[in-house]
Amino acid sequence: MNKTTLLHEGKAKKVFMTEDPDLVIQEFKDDATAFNNKKKGTIADKGVVNNAISCRLFTMLEAEGIRTHLVEKLSERDMLCRRLDIIKAEVVTRNVAAGSLVRRYGFEEGTVLEDPIVEFYLKDDDLDDPLMIEAHAVALGVASLDELAVLKRRALEINAVLKQFFADRKLRLVDFKLEFGRHHGEILLGDEISPDTCRFWDLETNEKMDKDRFRFDLGGVEDAYSEVQKRVLS
Ligand code: TMP
Ligand code: ASP
């Protein structure tokens, strides 16, 4: 399968059409942004690492009965995917208080949430991806109430699988962001799952092993990404 025209270029990936109208190729870049593009940089080999991690996780989720857009890993940076009509909602699931949950609601960072929290954000860079309640999503035509219920249920199922997978690799899954899309009447998990889109803390030391190292200039960004890759592929 070959790349034909560029369909979309995002902050971390390019998406290309292929000869098959049902399939696209996601190419993972080394570009890193944070705070909706206010901070920019590159993380050496991030594209290679995030493609490898995402392919492994999608394959594992498929084996657990969760449908994803992954068809196959084509090369170091390229993932062959089913083409999705992306639902303009970022679905964030949280197990431990961090990031905007701390900023917005005053939780102490590290507080374990008794039940996971699922949030929806509107996928719109011009508006800074605002948090939205279901009624906003429906009024905006982002998704139906039924679809939102599916997204929430799916996010919680994925959380249960990923939490255990990472715990087995001595990583705490603090929170993560998922994107879904429609494909021939089915809702599939899309995008990526990587240290760009998750928070991982080392189970023993609580060290941050994700994009927060880039966001807050903590150093050791590449080392953290490759350590996560090593543990995920183990
Ligand atoms: P937050 O605490 O900043 O709301 O982020 C929650 C999770 O979502 C965290 O694991 C990082 C991820 N995330 C993205 O993948 N993309 C984004 O644009 C944002 C804001 C967060
Ligand atoms: N992904 C967002 C950005 O590119 C925000 C973040 O991850 O912090 O700015």
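What you see is a predicted model; the values in this text were computed from it and never measured. Read the numbers this way: they start at 1 and go in the same order the structure lists the ligands and their atoms.
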Check: So does Lys40 have more than 12 non-hydrogen atoms from other groups sitting under 6.0 Å from NZ?
Finding: no
Checklist line | Glu108, CD: over 12 other non-hydrogen atoms inside 6.0 angstrom | finding: no
Dump all N/O pairs between ligand 2 and the protein below 3.5 Å as a table: atom names plus distance, one pair per row.
residue: ligand 2; atom: 4 (O); partner: Lys11; partner atom: NZ; Å: 3.4
residue: ligand 2; atom: 4 (O); partner: Thr33; partner atom: OG1; Å: 2.1
residue: ligand 2; atom: 7 (O); partner: Lys211; partner atom: NZ; Å: 2.9
residue: ligand 2; atom: 7 (O); partner: Arg215; partner atom: NH2; Å: 3.0
residue: ligand 2; atom: 8 (O); partner: Phe35; partner atom: N; Å: 3.4
residue: ligand 2; atom: 8 (O); partner: Arg215; partner atom: NE; Å: 2.8
residue: ligand 2; atom: 9 (O); partner: Thr33; partner atom: OG1; Å: 3.4
residue: ligand 2; atom: 9 (O); partner: Ala34; partner atom: O; Å: 3.4
residue: ligand 2; atom: 9 (O); partner: Phe35; partner atom: N; Å: 3.3
residue: ligand 2; atom: 9 (O); partner: Asn36; partner atom: N; Å: 2.4
residue: ligand 2; atom: 9 (O); partner: Asn37; partner atom: N; Å: 2.9

Checklist line | Heavy-atom side-chain proximity of Val228 to Asp210 below 4.5 angstrom | finding: no
Note to self: Quick one, Leu173 and Phe200 - any side-chain contact, counting heavy atoms below 4.5 Å?
What the structure shows: yes
Margin query: How close do Val118 and Val91 get, counting heavy atoms only, and between which atoms?
Written below: CG1-CG1, 3.8 Å
Margin query: If you compare all heavy atoms of Phe176 against all heavy atoms of Cys198, which two are closest, and at what distance to 0.1 Å?
Written below: CB-SG, 3.6 Å
Atom pairs and distances, donor-acceptor, side-chain atoms in residues 148-163, under 3.5 Å, two or more places apart:
residue: Arg154; atom: NH1; partner: Ile187; partner atom: O; Å: 2.9
residue: Asn159; atom: OD1; partner: Asn95; partner atom: ND2; Å: 2.9
residue: Asn159; atom: ND2; partner: Asn95; partner atom: OD1; Å: 2.9

Can you give each donor-acceptor pair under 3.5 Å made by side-chain atoms of residues 78-87, sequence neighbours left out, with the distance rounded to 0.1 Å?
residue: Asp78; atom: OD1; partner: Lys3; partner atom: NZ; Å: 3.3
residue: Asp78; atom: OD2; partner: Lys3; partner atom: NZ; Å: 3.1
residue: Arg82; atom: NH1; partner: Thr68; partner atom: O; Å: 2.9
residue: Arg82; atom: NH1; partner: Leu70; partner atom: O; Å: 2.9
residue: Asp85; atom: OD2; partner: Arg182; partner atom: NH1; Å: 3.2

In a simple table, one pair per line, please give the protein and ligand 1 atom names for every N or O pair closer than 3.5 Å, along with the distance.
residue: ligand 1; atom: 2 (O); partner: Arg94; partner atom: NH1; Å: 3.2
residue: ligand 1; atom: 2 (O); partner: Arg94; partner atom: NH2; Å: 3.4
residue: ligand 1; atom: 2 (O); partner: Ser100; partner atom: N; Å: 2.8
residue: ligand 1; atom: 2 (O); partner: Ser100; partner atom: OG; Å: 3.3
residue: ligand 1; atom: 2 (O); partner: Arg199; partner atom: NH1; Å: 2.9
residue: ligand 1; atom: 4 (O); partner: Arg94; partner atom: NH2; Å: 2.8
residue: ligand 1; atom: 4 (O); partner: Ser100; partner atom: OG; Å: 2.6
residue: ligand 1; atom: 10 (O); partner: Asp175; partner atom: O; Å: 3.4
residue: ligand 1; atom: 10 (O); partner: Asp175; partner atom: OD1; Å: 2.6
residue: ligand 1; atom: 10 (O); partner: Arg199; partner atom: N; Å: 3.4

Check: Just checking, Arg169 and Phe165: is the charged tip under 6.0 Å from the six-membered ring centre and within 45° of the axis?
Finding: yes
